[in-house]
Undergrad: 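Below is one structure. I have some questions about it.
Values reported hereafter were calculated over all heavy atoms of this structure, with side chains retained and with hydrogens, waters and symmetry mates removed.
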Amino acid sequence: MKTSSKSLFTLIKVLTKEERSYIMRTAIHYRKGGKNILVQLFKLLESFSPDEYDERKLAARIPNLSVRKNELYETILRSLADRETVNLAVLMLGKLRWAAMLHYRKLFPEAITLLTEVEEWAKSQNQPYIHGVILQYKTFFANTGLYKNHNINFSTIGDSMVSNAQNILHTAEIYRQYVEVAKITRNSFLMRSNHEVQSIKELLESPVYNKDLTHLPVSSKGFLHLSLYYLYKLQADYEKAYAEAKQCWILMNDASVDFSKRRPQEYLIAFIVYLAACIDTKRLSESKKWLTEFRKLWLDNYKGNPVVGGKYYSLFLAHHYLETGAKGKAGIIKEVQEFYEKNQAILDEGGEGRALNYLLMLLFFSRGDFLTTWDYCRVILNSSANAPRKELYDLTRILFLLVLFESRKFDELEYQCRQLNGFIRKRNTKEYLLEKTFIKHFQKINSEAAVQKSMRIMLVKLSIDLKKLSTSDNLCVKQFFHSFDFVSWVNQKIVSTEVKR
């Protein structure tokens, strides 16, 4: 295990005085004069304040620093585990290790018995973290063959054990499916190629969605509905996606236990998905009601978590944009900008930063502030094209053409069209129909044409082509039109040119 110095430093800093004394006496064998190298490393890290921490000082004082860091880190953890023999949570996590050893020796019923014992304890003691660890163990057991690839005589196990094993396997299948879909959507909601579209259809046709859910826990049912939500959204079927998100949200709130406390992470995911589905289907009265509750949840339970804050502001800005458009309140925009600037590094890493920049770009575009819109376009387009939420990068690339048009930067517009056309020529143009349409018409513009009636003719032809595209079955185009109303934009341009005439 490779241990970062920062991790070791943080661990030492959170130890209590009693824990530090216990570790020094029993684990790293304190000697008079502190000659033991682990004692020296421990004391050196203990003496640093967060502001004074310096990796170079460690390297200058401690030979073979990397090896010693690993040794001290693991020693501290082992010592804490030994000291906490009265801590039931630690004991139960130890039983999970026993279950893994039984599984390794193909003693599957015994392994399941231990898992069940720990799971019942986690439920009774309201231990959502350990419950999550159990789910990972079950998934691991199923992936490595539990009740699947081994010759097991189920009749010797008993009916209840068979039922339990089957439910565990079904839960594992649901969890694996959810993880697979979540990985796809973290990268992008935009499926370009036929291969990608087909892979989504195959996931949607998976047998995991056609099995009886009656005997499964609420958590498993919730993950199944979340999976379906993402798959329908990838297919641009936003109404079906909303139905699945709402079903998951109902399950979370109708359960006999308080999921916001018992399984807070799952509750949070379900909340975010439900709000996103409301916004996708323009159910603004619902999103307005629940955004207030989500803000309260964030400030009460996750105030120190900028990722949850980023999720809130993304949902809030999307709702605000749909509700007000060009009338977006300056105070709200400033609040979001300040939050992003304060937490930029963390937000950019997970994709929330790109979402916030994209929504701010839309708000400034709708207000006619094309100079600021230009700035936000550049921020997104100068970031990695393959970062999380790639579809927002692709959308910004198209909207940048509109910004150049609105700003009357026709030479730059011509250049960007040529660049984008060169990019598309190397790919299947059916996957880039919207980009191709804008290039086809915008390349006809030049500085002289901007003051001629040919500008209006071009816009009318563009409008005709966009209307045809908006009714096509092209999945990629559907997703683009859902994200921005290109037809309304071009029609407004036609009206404005008519007025000028």
Undergrad: Answer yes when Lys69 and Glu55 have at least one side-chain N-carboxylate O distance shorter than 4.0 Å, and no when they do not.
TA: yes

Undergrad: For residues Val403 and Cys377, report the shortest heavy-atom separation together with the two atoms involved.
TA: CG2-SG, 4.0 Å

Undergrad: Tell me the salt bridge (Lys or Arg N to Asp or Glu O under 4.0 Å) pairs involving residues 180-208, sequence neighbours left out?
TA: Arg192-Asp394, Arg192-Glu435

Undergrad: I need the minimum non-hydrogen distance between Ile380 and Leu392, along with the two atoms involved.
TA: CG2-O, 4.3 Å

Undergrad: Taking all heavy atoms of Leu466 and all of Phe481, pick out the closest pair and write down the distance.
TA: O-CZ, 3.6 Å

Undergrad: Search all heavy atoms of Ala241 against all heavy atoms of Tyr229 and return the closest pair with its distance.
TA: O-CD1, 3.2 Å

Undergrad: Name each donor-acceptor pair under 3.5 Å that joins a side chain in residues 271-282 to protein atoms two or more places apart or in another chain, with its distance.
TA:
residue, atom, partner, partner atom, Å
Tyr274, OH, Glu286, OE1, 2.4
Asp280, OD1, His482, NE2, 3.3
Asp280, OD2, Lys233, NZ, 2.9
Thr281, OG1, Ala277, O, 2.8
Thr281, OG1, Cys278, O, 3.3
Thr281, OG1, Arg283, NH1, 2.9

Undergrad: Verify side chain to side chain contact (heavy atoms under 4.5 Å, CB included) between Phe365 and Tyr321, making sure each step is shown before the conclusion.
TA: CA-CA 11 Å; Phe365 185 87; Tyr321 171 72; over 6 Å; no

Undergrad: Please table the atom pairs, donor to acceptor, closer than 3.5 Å between any side-chain atom in residues 299-308 and protein atoms at least two apart or in another chain.
TA:
residue, atom, partner, partner atom, Å
Asp300, OD2, Lys296, NZ, 3.0
Asn305, OD1, Val307, N, 3.0
Asn305, OD1, Val308, N, 3.3

Undergrad: Considering residues at least two apart in sequence or located in another chain, which fulfil the side chain to side chain contact (heavy atoms under 4.5 Å, CB included) criterion with Ser384?
TA: Asn386, Ala387

Undergrad: Hey, does Asp375 have a side-chain heavy atom less than 4.5 Å from the side chain of Phe364?
TA: no

Undergrad: Salt bridge or not between Glu293 and Arg295? Use side-chain N to carboxylate O under 4.0 Å.
TA: no

Undergrad: Hey, is the main chain of Gln479 close enough, under 3.5 Å, to the side chain of Ser483 for a donor-acceptor pair?
TA: yes

Undergrad: Mind checking what makes side-chain hydrogen bond (donor to acceptor under 3.5 Å, both in side chains) contact with Glu244, not counting sequence neighbours?
TA: His225

Undergrad: Evaluate the criterion side chain to side chain donor-acceptor pair (under 3.5 Å) for residue pair Tyr267 and Asp258; output intermediate values, then yes/no.
TA: CA-CA 9 Å; Tyr267 184 83; Asp258 184 351; over 6 Å; no

Undergrad: Walk me through whether Trp298 and Tyr313 qualify under ring-ring contact (aromatic ring centres under 6.0 Å, His included).
TA: CA-CA 11 Å; Trp298 166 44; Tyr313 278 120; 5.6 Å; yes

Undergrad: My understanding is that only residues two or more places apart in sequence, or in another chain, count here; which of them pass side-chain hydrogen bond (donor to acceptor under 3.5 Å, both in side chains) with His320?
TA: none

Undergrad: Show every ring-ring contact (aromatic ring centres under 6.0 Å, His included) that has at least one partner inside residues 185-209, sequence neighbours left out.
TA: none

Undergrad: Just to verify, what does Gln198 make a side-chain hydrogen bond (donor to acceptor under 3.5 Å, both in side chains) with, not counting sequence neighbours?
TA: none

Undergrad: Test: salt bridge (Lys or Arg N to Asp or Glu O under 4.0 Å). Region: residues 466-488. Which pairs qualify, not counting sequence neighbours?
TA: none

Undergrad: Begin from the C-alpha positions of Glu266 and Ser219 and carry the test side chain to side chain donor-acceptor pair (under 3.5 Å) through to its verdict.
TA: CA-CA 8 Å; Glu266 292 172 29; Ser219 179; 2.5 Å; yes

Undergrad: So, using side-chain hydrogen bond (donor to acceptor under 3.5 Å, both in side chains) as the criterion, who are the partners of Ser206 when residues are at least two apart?
TA: none

Undergrad: Which heavy atom of Ile174 sits nearest a heavy atom of Ser220, and at what distance?
TA: CG2-O, 3.5 Å

Undergrad: Does the side chain to side chain contact (heavy atoms under 4.5 Å, CB included) test come out yes or no for Tyr358 and Arg389, once each step is laid out?
TA: CA-CA 10 Å; Tyr358 175 78; Arg389 301 300 305 272; over 6 Å; no

Undergrad: Quick one: list whatever passes side chain to side chain contact (heavy atoms under 4.5 Å, CB included) with Gln265, sequence neighbours left out.
TA: Ile269

Undergrad: If you compare all heavy atoms of Pro388 against all heavy atoms of Gly351, which two are closest, and at what distance to 0.1 Å?
TA: CB-CA, 3.9 Å

Undergrad: Only pairs at least two apart or in different chains count here, so list each salt bridge (Lys or Arg N to Asp or Glu O under 4.0 Å) that has a residue in residues 343-365.
TA: Lys311-Glu352

